[in-house]
Amino acid sequence: MQDTPFVPTIRSVGLNGLLVTFDDTATDAANRAAIAFRSAVDAQGWPEISESSSTLVSAFFRVDLAEYGFDRLSARLSDVLGSRDWTAASLPAGRALWTIPAVFGGPRAPQLTEAAEAAGLSVAQAQADLTSARLRVLTLGFAPGQPYLGTLGEAWNIPRQVGLSPNIPAGALVAAVRQICLFTKDTPTGWRHVGQSAFACFRPSSDTPFPLSPGDEVQFTSVTAAELERIEAHNGDGAGGALREMLE
Amino acid sequence: MRGLIARAAGPAMALQDLGRPGFLAHGLTHGGAADRHAVCEGAALLRQAPDLAVLEMVGTGGTFEATEDVRIALTGAVMAAQVDGRALAWNASHAVAKGAQLTIGPTRSGTYGYLHVGGGFAGAAVLGSRATHLSCGLGALVRKGDILPVGQDKGKDVGMTLIPEARLNGGAVRVVPSMQTGDFDPEVRERFENTEFRRDPRANRQGVRMDSDGEGFSNPKALSIVSEVIVPGDIQITGDGTPFVLMAECQTTGGYPRIGTVIPCDLPRVAQAPAGAVVRFAFVTRDEGAAIQARASTALAKLSGAVTPLVRDPSTMQDLLNYQLVGGVVSATDPALDEGE
């Protein structure tokens with residue numbers, strides 16, 4: 001059975017801008033399309049656009065709709081949309097592969113068991129999935145430098161829990177909807193806390209305040225709680241024991 | 001150094017400005033003052049640019065000593081204010097002499113009060129702004145003993161006032177449909193519009209929780225939607241059906257659906273509503289919202305024309321018969337704005 005292909009949409013976001021969305025589920029193709037489309041529109045330098053960003057499946061253009069109106073900009077974005085197949089776009093050049101140590105389960109990541117149950121996996125299978133997958137930075141958002149990583153297998157299409165966990169710590173790996181998010185800072189969330197790293201996603205006093213970029217790849221490696229404590233004891237630069245190498 | 005010394009500091013005072021645009025792609029939100037209108041009012045009172053840094057105060061302010069003569073203005077949530085024991089009018093500009101003790105607080109009405117200085121608060125900008133963003137590690141709360149540097153002041157006027165836009169006690173807030181409004185059943189949207197909300201005590205610069213009686217506003221299919229862009233004013237419905245209005249320090253993206261977006265000119269009303277204040281949301285179309293916002297932006301740009309002398313000399317009043325001499329600048333419902341202590 002073939003699903004009907006998603007037709008990209010252009011929607012207003014409050015009076016603050018326009019959002020071009022390439023799918024209603026988080027697919028790699030839609031993510032690539034969003035990154036490429038944003039880049040192409042930015043290259044045209046429209047004066048109405050004060051800044052832009054890309055999310056998992058969308059490109060956002062910040063525009064004062066009270067000043068410039070929705071219809072005219074929507075029409076122009078529609079023209080760019082129709083000019084090529086954006087899902088065939090390639091990933092950005094100069095990407096890095098990050099290897100990041102993390103503890104899975106136990107007191108430092110207490111919801112691994114719950115997440116494995118939701119995914120219909122044993123705890124051992126769940127941990128193997130999380131440390132074998134080569135994940136990609138799909139977007140940075142919610143907090144400065146914070147990556148949404150994807151894409152895990154279909155089993156991991158687990159919903160957010162109803163109600164917020166009050167405070168999941170910085171460096172946490174949290175899971176929902178086939179993604180892992182690596183928290184920049186302590187955050188209340190509906191995602192489940194499956195791992196804990198010491199990786200700082202935002203380093204405001206550094207030359208590179210935002211270490212990760214969309215398109216980078218991330219591989220987690222399992223360490224013990226004692227090993228993580230050793231990393232945390234010497235983590236002034238926020239690297240969290242991670243290794244960075246260039247892809248290709 | 002030209003500055004204000006904090007001789008006493010309330011628990012929640014921090015520098016703000018109009019925020020830190022340009023980093024959405026990196027996940028760093030706009031931030032800045034909770035009540036941007038108040039920033040513009042202060043700039044109009046001091047006849048200076050609205051992008052200068054101000055001191056945002058919640059609950060109470062503090063006691064400040066000027067190292068040189070400075071001009072100040074007071075806007076936003078109404079707070080008690082004195083210089084060396086002499087009461088100062090809120091929504092007005094004043095001279096504070098070197099060595100004088102300026103005392104601000106506690107709050108009488110509203111939530112976010114602002115202290116502006118002629119020349120603006122100076123000091124190092126980070127990523128293009130002096131806005132404090134505690135949860136991102138940018139800036140810090142002002143503490144007792146801190147010296148807040150003040151920029152050079154080219155202005156001279158003091159003793160000026162304006163009538164603030166009424167926004168301190170909740171009320172009607174206009175909302176435009178946003179990208180996920182259509183995901184909510186029409187019945188839920190209608191019930192949302194007809195609900196009298198109370199501003200929950202749990203509110204901060206990131207978001208304001210809205211309480212109501214009766215069932216929540218959740219939508220079962222919305223628990224698995226793809227995380228998407230957030231803008232200030234978005235009304236997020238969490239998994240248990242509770243609305244949160246997202247404010248200046250909202251995240252850049254999030255996975256809870258938005259039932260609508262408060263238009264920018266009404267967002268100060270949400271920010272300033274004190275705990276327990278009644279708030280109602282009314283949908284307007286995108287075009288209606290754009291027209292309302294455009295008028296508000298025009299009015300904001302003309303704010304300096306609404307500034308008048310605090311104490312009027314009748315001999316300088318050309319159109320005396322047009323003045324409303326009883327009410328003046330002081331609202332009859334906001335007690336003790338101008339009286340001695």
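Reminder, nothing fancy here: chain letters follow the sequence lines and each chain counts from 1.
Under the side chain to side chain donor-acceptor pair (under 3.5 Å) criterion, A:Arg203 pairs with no residue, sequence neighbours left out.
Residues of residues 189-199 of chain A lying under 4.5 angstrom from chain B, judged on non-hydrogen atoms, are A:Gly190, A:Trp191 by number. The stretch residues 19-27 of chain B places B:Pro21, B:Gly22, B:Phe23, B:Leu24, B:Ala25, B:His26, B:Gly27 near chain A, each with some heavy atom under 4.5 Å from a heavy atom of that chain. Below 4.5 Å, heavy atoms of chain A meet heavy atoms from B:Arg286, B:Gly289, B:Ala290, B:Gln293, B:Ala294, all part of residues 279-297 of chain B.
Counting only heavy atoms from C-beta outward, the side chains of B:Ser227 and A:Tyr148 approach each other to under 4.5 Å. A:Phe60 places none of its side-chain heavy atoms less than 4.5 Å from the side chain of B:Thr252. Two residues are said to be in side-chain contact when any heavy atoms from C-beta on lie closer than 4.5 Å; B:Pro232 and A:Asn16 meet this criterion.
At a 4.5 Å heavy-atom cutoff, A:Asp186 makes no contact with chain B through either its backbone or its side chain. Contact annotation for B:Val229: both backbone and side-chain heavy atoms come within less than 4.5 Å of a heavy atom of chain A. For A:Leu212, no part sits under 4.5 Å from any heavy atom of chain B, backbone or side chain. For chain B, no part of A:Thr139 is nearby; none of its heavy atoms comes within less than 4.5 Å. At a 4.5 Å heavy-atom cutoff, the contact between A:Ser52 and chain B is made by backbone atoms alone.
Nearest heavy-atom pair across B:Glu228 and A:Ser58 is OE2-OG, 2.6 Å. Minimum heavy-atom separation, B:Met179 to A:Arg11: O-NH1, 3.0 Å. A:Ser12 and B:Ser178 make their closest contact through O-OG, 3.8 Å (heavy atoms, listed as atom of the first residue, atom of the second, distance). Counting all heavy atoms, side chain and backbone alike, B:Thr253 lies closest to A:Gly141 at OG1-C, 3.4 Å.
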